[in-house]
2 protein chains.
Amino acid sequence: MAREPSVRAVAPPERLWHRSTWLLSQVSARSYRLVLDHLGTANARTDYAVLAGLDEFGPISQAALGRRLGLDRSDIVALLNDLERGGLVARTPDDSDRRRNSVTITAGGKRALRRLDKRVDAAQQVLLAPLNVSERRQLNALLQRLLEHHTAFRTPEQRSP
Amino acid sequence: MAREPSVRAVAPPERLWHRSTWLLSQVSARSYRLVLDHLGTANARTDYAVLAGLDEFGPISQAALGRRLGLDRSDIVALLNDLERGGLVARTPDDSDRRRNSVTITAGGKRALRRLDKRVDAAQQVLLAPLNVSERRQLNALLQRLLEHHTAFRTPEQRSP
DNA sequence: ACGCAGTGTTGGCAATACCAACGAATTGGG
DNA sequence: CCCAATTCGTTGGTATTGCCAACACTGCGT
């Protein structure tokens, strides 16, 4: 999505232009739309997150999956309902703790995940086009630092014992 | 919002943790909540943007204000209705072009803006707490570069002739 | 005079994030 | 052994945000 030549350049207010909160909001909105464009459907974005989580951590409970992805338990239910219906994930009761379902990704889910991988990568490339490799790393490192400070998310190497 | 000690640390999937689009989405969500907490009401966030725009560019038309802020014309209407009702902005028909309203900030609006300034600054401080001054500048510079590439937004010094 | 574009407004929709409440199950302490 | 607290999965719901179409009025250029 290169800038349309007909769109007039504008300067936002200085107050907003120099505040991280506004900048993050604006960039995130464009990023969201880019991913949406590349994935084609609205729920593919969260499907991708769920499949990625299951591929890496499955079998896993719904609640634990939600914690790993930063998603609400009730939203996880709706997402898994659709994915199970599409044959991309499977739920079975956990024999050792009947409160839980054990959720896994299916072979079809893995194939879908790989297709989505490509599209999500393409979206990253478009989003980050004006940055070189070093700058991209810097941006990610700064965002990760902020997440580690403000959430329970940790870089995988830093896992609590 | 320091990390609650009781919240368990979790690692998200590697696929997400290393993708800028996911990181931006997550950080932006926390940033949004921080600003919400500091401002107290949902619409204060956009009120702030509107007042900031009017303070810097007023008098200005509604459509031009929307372009400067990245907001939809119909959302600008609703926002100005509330702000006008609260005495913080004033609309008058533009004598030279009857399609337009000329919108200005009032003295009450300027006072409100200064109060909101303080709260928004406090939110920045909390959000950026784990970064030093140089890193904060870096983050903003990278985000601004992305915005300049993907939107009509330009740093004020770069204004088109 | 006409077509096109801009402006402000109204009415509306989809997606997302978030929450409460409930029933069933598990755990740990008294 | 009993009970309180917590966890899990589910249902049902709400608020907010971003976005869009359509309309009437106005301005501009041909």
Side-chain angles (χ1 to χ4, degrees), chain A residues 6-8 22 24-37 39-50 59-82 84 89 91-103 151, chain B residues 6-8 22 25-37 39-50 59-84 89 91-103 151:
Chain A
S6 61
V7 172
R8 287 174 280 167
W22 187 80
L24 281 161
S25 167
Q26 293 293 317
V27 173
S28 176
R30 285 0 177 253
S31 166
Y32 168 83
R33 239 174 296 120
L34 260 179
V35 170
L36 200 55
D37 286 344
L39 294 184
T41 66
N43 55 313
R45 191 179 66 86
T46 37
D47 285 353
Y48 179 68
V50 169
I60 186 171
S61 74
Q62 297 178 198
L65 180 64
R67 282 192 289 275
R68 293 249 195 211
L69 303 180
L71 293 172
D72 192 79
R73 292 195 322 267
S74 57
D75 298 329
I76 289 285
V77 171
L79 288 165
L80 290 181
N81 286 346
D82 288 341
E84 192 173 34
V89 311
R91 274 162 160 140
T92 57
D94 187 322
D95 286 336
S96 63
D97 186 334
R98 292 220 298 255
R99 290 175 293 185
R100 300 175 168 175
N101 287 328
S102 189
V103 195
T151 70
Chain B
S6 60
V7 172
R8 286 174 279 167
W22 187 82
S25 168
Q26 293 293 317
V27 173
S28 177
R30 281 10 177 245
S31 166
Y32 168 83
R33 243 179 288 121
L34 259 179
V35 170
L36 200 54
D37 287 344
L39 294 184
T41 66
N43 55 314
R45 192 178 63 88
T46 37
D47 284 355
Y48 179 68
V50 168
I60 186 172
S61 73
Q62 296 179 199
L65 181 64
R67 283 192 290 274
R68 293 248 195 212
L69 303 181
L71 293 173
D72 191 79
R73 293 192 327 264
S74 57
D75 299 330
I76 289 286
V77 171
L79 288 165
L80 290 180
N81 285 347
D82 287 343
L83 289 166
E84 192 173 32
V89 311
R91 274 162 160 142
T92 58
D94 187 321
D95 285 335
S96 62
D97 187 334
R98 291 219 300 254
R99 290 175 292 182
R100 299 175 170 174
N101 287 328
S102 188
V103 195
T151 70

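Chain identifiers are assigned alphabetically (A, B, ...) following the order of the sequence lines, protein sequences preceding nucleic acid strands; residue numbering begins at 1 within each chain. What's counted below: heavy atoms across the whole structure, side chains too, no hydrogens, waters or symmetry copies.
Taking the nucleotide of DNA chain D with the nearest heavy atom to each of B:N43 and A:S61, the more 5' of the two is matched to A:S61. The 5' end of DNA chain C is approached more closely, in terms of each residue's nearest nucleotide, by B:N101 than by the other of B:S25 and B:N101.
With sequence neighbours excluded, the residues that form a side-chain contact (heavy atoms from CB on, under 4.5 Å) with A:R45 are A:Y32, A:V35, A:L39, B:S25. Taking A:D75 as the reference, A:D72 meet the side-chain contact (heavy atoms from CB on, under 4.5 Å) condition, with sequence neighbours excluded. Taking A:L71 as the reference, A:L69, A:I76, A:L79 meet the side-chain contact (heavy atoms from CB on, under 4.5 Å) condition, with sequence neighbours excluded. Residues passing the side-chain contact (heavy atoms from CB on, under 4.5 Å) test with A:P93, sequence neighbours excluded: none. A:D82 pairs by the salt bridge (Lys or Arg N to Asp or Glu O under 4.0 Å) definition with A:R85, not counting sequence neighbours. The side-chain hydrogen bond (donor to acceptor under 3.5 Å, both in side chains) search around A:R98 returns none, not counting sequence neighbours. In this structure B:R91 satisfies the side-chain hydrogen bond (donor to acceptor under 3.5 Å, both in side chains) test together with B:Q62, B:N81, B:E84, sequence neighbours excluded.
Across all strands, B:T46 comes closer than 4.0 Å to no nucleic acid atom at all (heavy-atom distances).
Here D:dT16 presents its P atom at 13 Å from CG of B:D47, a figure rounded to the nearest Å. Distance CD1 (A:I60) to C1' (D:dG9): 15 Å, rounded to an integer number of Å. In this entry the distance linking CG of A:N81 with P of D:dG12 reads 12 Å, nearest Å.
Using a 4.0 Å cut-off, no side-chain N or O of A:Q62 falls inside it from OP1 or OP2 of D:dT7.
The footprint of chain A on DNA chain C, defined by a heavy-atom cutoff below 4.0 Å, extends from C:dA15 to C:dT26.
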Checklist entry - Tell me, for nucleotides 19-30 of chain D in 5' to 3' order, what letter each nucleotide earns: B for a base near a protein heavy atom under 4.0 Å, S for only sugar-phosphate near one, - for neither? => result BB-B---BS---
Next on the checklist: Please determine whether side-chain contact (heavy atoms from CB on, under 4.5 Å) holds for the pair B:Q26 and A:T151, giving the CA-CA distance in whole Å, both sets of side-chain angles, and the decisive distance to 0.1 Å.
Outcome noted: CA-CA 9 Å; B:Q26 293 293 317; A:T151 70; 5.8 Å; no
